[in-house]
Enquirer: 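Dumping the structure here so I can ask a few things about it.
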Amino acid sequence: MSTQAKIAVGGVAVGLLLLIWLPLWAVLLMVVGVPVAAYLMLDPSQRRRLRRVSSRRQIGR
C-alpha cells in the first residue's frame with residue numbers, strides 16, 4: 001500500500017472516530033478549518049504556486 005493510501009485510510013478512521021465522539025458542528029468546523037488554516041499559513045509565493053498547479057487540473061486541460 002502506498003504512503004498516500006495509508007494517509008487516506010488514517011484520515012477516514014480519524015474522521016469516523018470524531019463523528020462518534022464530537023457533535024456534528026465540531027466535526028464540520030475541523031473539516032473546513034484545518035485546510036483553511038493550512039492555506040493561510042503559506043507564504044504568498046507558495047499560494048501563487050498552489051493556485052497555478054490547481055488551475056492546471058481543470059477538466060478539459
Side-chain angles (χ1 to χ4, degrees):
M1 188 181 310
S2 70
T3 303
Q4 289 180 339
K6 290 177 186 176
I7 292 171
V9 169
V12 169
V14 169
L16 290 174
L17 288 173
L18 287 175
L19 275 173
I20 293 170
W21 285 326
L22 295 175
L24 183 62
W25 64 268
V27 174
L28 291 176
L29 184 65
M30 283 186 222
V31 167
V32 173
V34 169
V36 168
Y39 179 78
L40 292 175
M41 289 190 324
L42 294 175
D43 294 335
S45 62
Q46 292 172 320
R47 291 181 195 171
R48 279 193 302 271
R49 184 173 164 192
L50 183 62
R51 280 192 299 254
R52 190 173 59 239
V53 168
S54 61
S55 68
R56 287 187 207 152
R57 293 185 181 179
Q58 293 176 356
I59 296 174
R61 286 192 156 203

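In what follows, every heavy atom counts, from backbone to side chain, and hydrogens, waters and symmetry copies are set aside.
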Enquirer: Going from CD on Gln46 to CZ on Arg51, what distance comes out if it is rounded to the nearest 0.5 angstrom?
Expert: 12.0 Å
Enquirer: Under 4.5 Å between side-chain heavy atoms, hopping through other hydrophobics if needed: is there a path connecting Val31 to Leu24?
Expert: yes
Enquirer: Please report the interatomic distance CG(Leu18) to CG(Leu28), rounded to the nearest 0.5 Å.
Expert: 11.0 Å
Enquirer: Could you pull out all residues at least two apart from Ser2 that satisfy side chain to side chain contact (heavy atoms under 4.5 Å, CB included)?
Expert: Gln4, Ala5
Enquirer: Give me the atom names and distance for the closest heavy-atom approach of Arg47 to Met41.
Expert: NH2-N, 4.5 Å
Enquirer: Has Arg49 got more than 12 heavy atoms of other residues, nucleotides or ligands less than 6.0 Å from its CZ?
Expert: no
Enquirer: State which residues pass side chain to side chain contact (heavy atoms under 4.5 Å, CB included) with Ala26; sequence neighbours excluded, sorted by chain then number.
Expert: Leu22, Pro23
Enquirer: List the atom of Met1, the atom of Lys6, and the distance in Å for their closest heavy-atom pair.
Expert: O-CE, 3.5 Å
Enquirer: Run through the side-chain heavy atoms of Ile, Leu, Val, Met, Phe, Trp and Tyr, join any pair under 4.5 Å, and report what else lands in Leu50's cluster.
Expert: Val32, Val36, Tyr39, Leu40, Leu42
